Amino acid sequence: MSLNFDLIVIGGGSGGVACARRSTEYGASVALIESDRLGGTCVIRGCVPKKLMMYAGEIGKTLSIASSFGWTNLPTHAIQHDLGKWTKRKNVEIDRLEKIYEKLLTDSNVNIFRGKAHLLDKNSIQVGDKTLTGKKVLIASGGRPETSLFPGLEKTLTSDDILNLSDTPKTLGILGSGYIATEFACIMANLGVDVNLFYRAEYPLRNFDQEIRIKMEANLKTLGIKLFPKSNFIEIERKNESFKLHTNHGHQEFNLILNALGRKPNTENLFKSCSPKLGESGEILVDSYSETSIPGVFAVGDVTDRVNLTPVAIAEGRAVAENLFNKKNYKVNHSEVASAVFTSPQIGVVGLTEEEAINCTNNKIRIYESEFNPLKNAFIEKKVKSYFKLLVDDQTEAILGAHIIGDDAAETIQTLAVAFHCGLKKTDFDKTIAVHPTSAEELVLMRKPSRIVQGKKC
Ligand code: NDP
């Protein structure tokens with residue numbers, strides 16, 4: 001087999017696979033190098049298994065309210081979740097998905113090479129005892145958990161590990177309050193685990209809209225999660241079957257501790273004699289076409305630390321393929337990306353936070369808010385309200401941002417993201433007839449702003 005290709009892709013995750021397959025569609029010869037499993041973080045140890053675990057928690061929650069909805073003859077003893085059983089079933093599913101990924105690549109005539117890649121020069125990559133040459137190179141090597149922030153952190157579980165547990169822990173400490181921390185806090189609480197969340201900020205989910213952060217804090221408490229804001233991490237000790245966490249709040253022992261203190265770009269040993277420019281956190285610096293400081297070498301996805309989301313990596317990877325092999329001139333717009341946090345209830349956001357909106361215009365901003373009990377809560381004692389917030393430019397009627405907490409917020413925000421992308425105005429929302437009875441109908445029923453704030457663009 002020739003070892004010369006039009007494109008060499010490093011990394012068989014979402015971004016790499018998307019670029020490789022789109023490139024072969026246009027006749028390019030492509031090699032893809034992967035040292036681990038095909039599918040990357042999202043499929044193997046991220047979004048997909050996490051959501052399967054989220055369903056496990058939600059099913060438990062549904063069972064706990066079943067009697068309110070008329071179900072009888074339910075088990076009288078407390079039901080329990082068996083994480084080991086879930087892990088085995090999850091592994092079968094992930095193996096199946098990995099095989100699909102491999103088949104998609106081979107059916108697309110992508111040549112797969114197994115092993116660690118090392119960039120020798122702008123056209124040459126070493127993998128094992130082979131040297132591949134490529135007219136172009138794409139680095140899509142992803143990210144990995146940060147484990148060196150303070151002593152003992154390396155002894156704890158990462159999100160990779162928590163998806164592979166063989167037993168359900170009784171007590172769990174979680175460090176951080178970003179996406180991974182809040183999602184697993186809710187999932188584990190729904191599975192019956194005693195969850196303790198430690199984070200350095202005053203509220204969880206930094207960079208989210210302040211209202212969302214405040215309501216999220218309340219929702220975490222409602223789930224029975226113990227919160228330790230303003231935490232200063234000192235050390236973690238491993239003690240036989242438990243872990244001892246030392247913070248400014250004192251010393252606490254847990255069966256397990258999850259490190260959710262962020263991830264870093266995966267560039268370890270990637271660059272031997274040749275390296276593109278890297279940023280402060282080791283991320284590969286790229287221009288708006290995802291080209292690195294080395295002409296002809298591109299990078300997409302988490303390794304570039306732009307917007308670290310699977311669909312963004314896919315869009316970036318496809319844009320590179322289109323530009324290289326289909327004469328397009330695509331740039332990915334990172335400012336309009338909607339996202340969801342799979343907490344309980346979920347969060348969906350698109351566009352600017354209130355603070356960002358104030359700083360981006362001199363116009364007045366109308367803030368529409370709606371907080372309500374979804375219909376599903378009608379028979380439930382422990383009610384968690386849904387919350388919708390729309391930010392509207394008073395002069396142009398443009399929707400500047402939308403923030404939702406509620407069941408299925410992830411599904412709602414996906415649809416809303418289309419309207420946002422098309423630049424629909426508040427007046428368009430007002431003209432849209434509601435779908436009833438839904439929670440999402442609130443989006444087209446908000447008539448009076450709860451507040452009006454003045455934009456203060458510098
Ligand atoms: P996040 O950036 O969301 O959260 C990192 C957390 O670690 C924050 O609470 C942060 O605190 C804290 N932290 C970082 N450094 C320190 C430090 N030195 N001392 C104390 N605390 C620290 O990262 P995650 O690891 O949760 O997720 C990684 C990426 O994966 C995210 O960027 C996200 O885009 C993606 N992801 C997306 C999901 C989704 O779409 N649903 C799900 C899971 C992950 P502070 O807030 O104070 O800075």
Side-chain angles (χ1 to χ4, degrees), residues 13-15 40-54 142-154 156-163 173-187 197-208 210 212-213 216-217 220 227-236 245-249 257-266 280-283 301-314 316 334 337-350 353 404-405 409-411 413-414 417:
S14 304
T41 302
C42 173
V43 177
I44 305 296
R45 60 193 87 86
C47 322
V48 175
K50 178 273 308 287
K51 200 158 180 203
L52 289 171
M53 199 186 244
M54 181 200 86
R144 65 201 151 95
E146 170 62 81
T147 57
S148 58
L149 292 173
F150 59 90
L153 185 59
E154 73 288 350
T156 63
L157 301 184
T158 65
S159 53
D160 302 2
D161 308 313
I162 202 147
L163 291 162
I174 299 185
L175 316 183
S177 64
Y179 281 84
I180 294 178
T182 53
E183 288 183 347
F184 279 108
C186 295
I187 291 170
L197 191 65
F198 296 81
Y199 47 98
R200 66 181 171 185
E202 191 177 351
Y203 293 101
L205 291 171
R206 192 191 294 278
N207 298 331
F208 280 68
Q210 185 66 8
I212 296 288
R213 299 180 71 190
M216 193 60 218
E217 183 197 54
L220 292 169
L227 303 182
F228 298 88
K230 299 184 181 170
S231 284
N232 183 11
F233 302 116
I234 300 166
E235 191 186 357
I236 291 170
L245 174 66
H246 300 264
T247 68
N248 53 325
H249 297 293
I257 292 179
L258 169 66
N259 164 16
L261 294 177
R263 294 170 62 84
K264 61 181 182 187
N266 215 353
E280 270 179 22
S281 319
E283 76 277 17
D302 290 6
V303 77
T304 62
D305 198 18
R306 287 176 283 178
V307 177
N308 298 334
L309 297 170
T310 299
V312 176
I314 292 172
E316 290 167 354
H334 291 96
V337 180
S339 78
V341 194
F342 292 93
T343 42
S344 198
Q346 298 172 0
I347 297 172
V349 298
V350 64
T353 64
I404 300 174
I405 300 187
E411 304 291 340
I413 209 72
Q414 175 63 88

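What you see is a predicted model, and the numbers here were worked out from it, not measured in a lab. First listed ligand is number 1; within each ligand, the first listed atom is number 1. Basis for what follows: all heavy atoms, side chains included, without hydrogens, waters or symmetry-related copies. Along the sequence shown, residues are numbered consecutively beginning with 1.
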Please state which part of A340 comes within less than 4.0 Å of ligand 1, counting heavy atoms only: side chain, backbone, both or neither. backbone
protein heavy-atom neighbour closest to atom 5 (C) of ligand 1 works out as G262 N, 3.6 Å
Hey, which atoms in ligand 1 end up nearer than 4.0 Å to a heavy atom of G176? 9 (O)
Looking at atom 47 (O) of ligand 1, what's its closest protein heavy atom, distance included? R206 NH2, 2.5 Å
Are any of the protein's heavy atoms under 4.0 angstrom from atom 2 (O) of ligand 1, yes or no? no
With respect to atom 43 (C) of ligand 1, which of T182, L175, I180 exhibits the smallest heavy-atom separation? I180
Classify the side-chain pair S177/Y203 by whether it contains a donor and acceptor separated by less than 3.5 Å. no
What about the rings of F184 and Y179, do their centers lie closer together than 6.0 Å? no
Would a 4.5 Å heavy-atom cut-off, applied to side chains only, mark I187 and M54 as touching? yes
Closer than 4.0 Å to some heavy atom of A260 - which atoms of ligand 1 meet that? 5 (C), 6 (C), 7 (O)
Please check if the number of heavy atoms outside Q414 that lie under 6.0 Å from its CD is greater than 12. no
Is there side-chain contact between L205 and I347, with at least one heavy-atom pair below 4.5 Å? yes
min-distance protein heavy atom vs atom 4 (O) of ligand 1 -> G178 CA, 3.4 Å
Got the closest protein heavy atom to atom 32 (O) of ligand 1, with its distance? N308 CB, 3.8 Å
Residue, atom name and distance, where the atom is the protein heavy atom closest to atom 42 (C) of ligand 1: E183 OE1, 3.3 Å
I need the full list of salt bridge (charged side-chain N to carboxylate O under 4.0 Å, His left out) pairs touching residues 40-53, with sequence neighbours left out, sorted by first then second residue. D36-R45, K50-E183
Where's the contact between L261 and ligand 1, heavy-atom distance under 4.0 Å: side chain, backbone, both or neither? both
Look up atom NZ in K264 and atom CG in L149, then write down how far apart they are to the nearest 0.5 Å. 8.5 Å
Is there a side-chain contact between I404 and V349 (heavy atoms, below 4.5 Å)? no
Find all atoms of ligand 1 within a distance of less than 4.0 Å from any non-hydrogen atom belonging to R263, and give their numbers and elements. 28 (C)
Just heavy atoms, cut-off under 4.0 Å: does Y199 contact ligand 1 by side chain, backbone, both, or neither? neither
Mode of E146 contact toward ligand 1 - side chain, backbone, both, neither (heavy atoms, under 4.0 Å): neither
For atom 11 (O) of ligand 1, what is the closest protein heavy atom, and at what distance to 0.1 Å? R200 NE, 3.4 Å
Just going by heavy-atom distances, which of Y179, F150, F198, F342 is nearest to atom 31 (C) of ligand 1? Y179
Return yes if some donor-acceptor pair links the side-chain N/O of D305 with the main-chain N/O of D302 below 3.5 Å, else return no. no
Looking only at the side chains, is there a donor atom on one of S344 and Q346 sitting less than 3.5 Å from an acceptor on the other? no
Tell me which part of L309 gets within contact of ligand 1: side chain, backbone, both or neither, using heavy atoms under 4.0 Å. side chain
So, R306 and E316, do they make that salt bridge, N to O below 4.0 Å? yes
Counting each atom of ligand 1 from 1 as listed, which ones have a heavy atom of F233 under 4.0 Å away? 20 (C)
Could you tell me the residue and atom name of the protein heavy atom closest to atom 9 (O) of ligand 1, and the distance to it rounded to 0.1 Å? S177 N, 2.8 Å
Can you list everything that forms a ring-ring contact (aromatic ring centres under 6.0 Å, His included) with F233? Sequence neighbours excluded, please. F150
Please confirm whether A181 comes within less than 3.5 Å of ligand 1 when only nitrogen or oxygen atoms on both sides are compared. no
